[in-house]
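I have placed the structure first, in the form of structure tokens, so that the comments after it can refer back to it.
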Amino acid sequence: MQKNKLIKRLSYGLGAVVIIGGFFLIRNNHKTTDSSSNEKVTTVNVAAPNSNRPYTYPEKGGIGGYYGELLKRIDKDLPQYKFKETTTSQNSVFVGLQSGKYDLAASNWWYSKERFDNYLHSDANGLDDLRLITHKGGKTANSLEDVADKKLKLAPISTDDARYNFIETYNKKNPKHQIDLKGIGDQSAGDALKEVANGKYDVAIYPYAAYKPVSETAEGKKLEASKSIGLEDSYFLLNKNDKNKKLTKDINKELKELEKEGYLEKLTKKYLYENTFKLPNADKTFNEKVK
């Protein structure tokens, strides 16, 4: 009898342990689910120019090209954010970014003091190889000094394009070798290069990757590119607000990881027709910090 009572007590005790254990397990699982389901996901409105191949272009309702793929990888790696992508004209990108309609602008945006004063910016997310594009059999140039000293007519550049700032900065530093710089509104790579191909202008300055798609067209076959005249970092630009300050920090941390694992180099080879990270001074240029 004593033995049977002991067995019953043990059975009851074990059953209670199982029930209590199950209760805590259910509560813990419930807690985990609640925590996961209540985690806030922040929507990030991203805009990019719709005619800037191979960097950005419309694709399946979102952004295609170098920055389209980079954004999708960042979006995947940062689950606390959800990127909502759109493409529009370059002017509309900046108007929307300034107003707060868009949180982030993606393209091969280079440094300019005005941009960096007006917007938040990420660390470098890519490298552009700059070339001078001229008419085959026409006047040639292998440096900006060549353009100035030979008095070549430079194709006008959109005033909100960092290439405008690039030439403006060169002119300030080289008062004895001035380039005649003219501004213009929105203009695609194809439009400016056509004007060089038909002889209206002598030279255009472009990233090699922007020139390459045009070089395969009928007009493009009339053109030739100089050797590399330098490298420029590109950056994401963000509307200035507290939410985007945190987003910028998270993106910078992610970009550092992507550079380390060779992902940015992989994208460069896939979209930019060459490995810009292997060009002279690439490492120094890419890792140089700007404020």
Side-chain angles (χ1 to χ4, degrees), residues 32-90 92-111 115-116 118-128 207 209-210 233-272 275-277 286-287:
T32 304
T33 304
D34 282 351
S35 173
S36 175
S37 63
N38 289 336
E39 186 179 347
K40 187 177 178 184
V41 176
T42 302
T43 299
V44 178
N45 293 305
V46 182
N50 54 16
S51 58
N52 192 26
R53 290 180 180 271
Y55 304 100
T56 61
Y57 47 82
E59 185 179 74
K60 297 178 181 177
I63 301 168
Y66 180 98
Y67 289 100
E69 190 161 332
L70 176 56
L71 285 165
K72 286 171 181 60
R73 172 63 188 269
I74 294 172
D75 194 13
K76 179 184 174 184
D77 290 350
L78 301 179
Q80 66 270 41
Y81 298 103
K82 176 62 181 173
F83 290 177
K84 185 179 178 183
E85 301 176 355
T86 190
T87 56
T88 184
S89 71
Q90 181 163 297
S92 295
V93 170
F94 280 107
V95 169
L97 189 65
Q98 184 69 45
S99 69
K101 177 181 179 181
Y102 305 126
D103 296 297
L104 185 151
S107 191
N108 56 324
W109 312 123
W110 304 346
Y111 166 82
R115 283 182 183 174
F116 279 32
N118 289 333
Y119 309 110
L120 300 174
H121 65 87
S122 69
D123 289 341
N125 59 29
L127 272 174
D128 270 327
D233 288 327
S234 52
Y235 308 86
F236 291 126
L237 299 175
L238 300 95
N239 177 268
K240 278 188 173 180
N241 62 47
D242 290 339
K243 177 187 80 172
N244 290 341
K245 284 180 182 178
K246 183 178 186 310
L247 172 62
T248 303
K249 287 180 183 178
D250 291 338
I251 286 176
N252 286 343
K253 185 177 178 181
E254 171 70 359
L255 287 172
K256 190 173 182 180
E257 291 301 316
L258 294 179
E259 183 202 2
K260 275 184 186 176
E261 74 172 61
Y263 181 78
L264 295 182
E265 195 170 343
K266 177 184 171 184
L267 280 188
T268 299
K269 289 188 284 186
K270 179 176 179 179
Y271 288 101
L272 306 189
N275 187 351
T276 55
F277 283 88
F286 188 79
N287 289 295

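Evaluation of the ring-ring contact (aromatic ring centres under 6.0 Å, His included) rule for Y235 yields F116, H121 as partners, not counting sequence neighbours. Residues meeting the salt bridge (charged side-chain N to carboxylate O under 4.0 Å, His left out) test with K245, sequence neighbours left out: D242. Considering only residues two or more places apart in sequence or on other chains, N241 meets the side-chain contact (heavy atoms from CB on, under 4.5 Å) condition with D103, N239, K243, N244. Residues that satisfy the salt bridge (charged side-chain N to carboxylate O under 4.0 Å, His left out) test with K84, not counting sequence neighbours, are absent from this structure. For N50, there are no side-chain hydrogen bond (donor to acceptor under 3.5 Å, both in side chains) partners, not counting sequence neighbours. Listed by chain and residue number, nothing satisfies the side-chain hydrogen bond (donor to acceptor under 3.5 Å, both in side chains) test with Y57 (two or more places apart in sequence, or in another chain). In this structure, the side-chain contact (heavy atoms from CB on, under 4.5 Å) partners of K260, at least two apart in sequence or on a different chain, are K256, E257. The side-chain hydrogen bond (donor to acceptor under 3.5 Å, both in side chains) test applied to D77 returns R73, not counting sequence neighbours. Applying the salt bridge (charged side-chain N to carboxylate O under 4.0 Å, His left out) rule to D123 yields the partners K289; only residues at least two apart in sequence or on another chain are considered. With sequence neighbours excluded, the residues that form a side-chain hydrogen bond (donor to acceptor under 3.5 Å, both in side chains) with S234 are Y67, N125. For K266, there are no salt bridge (charged side-chain N to carboxylate O under 4.0 Å, His left out) partners, not counting sequence neighbours.
Remark: T276 OG1 to L127 CG distance equals 4.5 Å, nearest 0.5 Å. Rounded to the nearest 0.5 angstrom, L264 CG and L258 CG are separated by 5.5 Å. Atom NZ in K76 sits 13.0 Å away from atom CD1 in I74 (nearest 0.5 Å). Taken to the nearest 0.5 Å, the CG atom of N45 stands 12.0 Å off from the NZ atom of K82.
The side-chain heavy atoms of L104 and L237, taken from C-beta on, include no pair separated by under 4.5 Å. Counting only heavy atoms from C-beta outward, the side chains of V46 and T86 never approach each other to under 4.5 Å. Inter-residue side-chain proximity for Y66 and N108 is flagged as unmet; no heavy-atom pair is nearer than 4.5 Å. Side-chain contact between L70 and Y55 is absent, with no heavy atoms from C-beta onward closer than 4.5 Å. The shortest side-chain heavy-atom distance between I63 and F83 does not fall under the 4.5 Å cut-off.
Contact detail for S122 and I251: the closest heavy-atom pair is CB-CG2, 4.3 Å. Residue A105 comes nearest to V93 through the heavy atom pair CB-CG1, 3.7 Å, listed as atom of the first residue, atom of the second, then distance. In terms of heavy atoms, G62 sits closest to T87 at O-CG2, 3.8 Å.
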Test log, rule side-chain contact (heavy atoms from CB on, under 4.5 Å), inputs K269 and F277: CA-CA 9 Å; K269 289 188 284 186; F277 283 88; over 6 Å; no

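Not one N or O on the side chain of T56 forms a donor-acceptor pair closer than 3.5 Å with the backbone of S107.
A donor and an acceptor atom, one from each side chain of N118 and Q98, are nowhere located under 3.5 Å apart. For W110 and D233, the side-chain atoms include no donor-acceptor pair closer than 3.5 Å.
The six-membered or imidazole ring of F94 lies near that of W109, with a centre-to-centre distance under 6.0 Å.
Partner of Y81 under the side-chain hydrogen bond (donor to acceptor under 3.5 Å, both in side chains) criterion, out of D75, T43, D250: D250 alone.
Residues in residues 54-72 take part in these salt bridge (Lys or Arg N to Asp or Glu O under 4.0 Å) pairs, two or more places apart or across chains: E69-K270, K72-E85.
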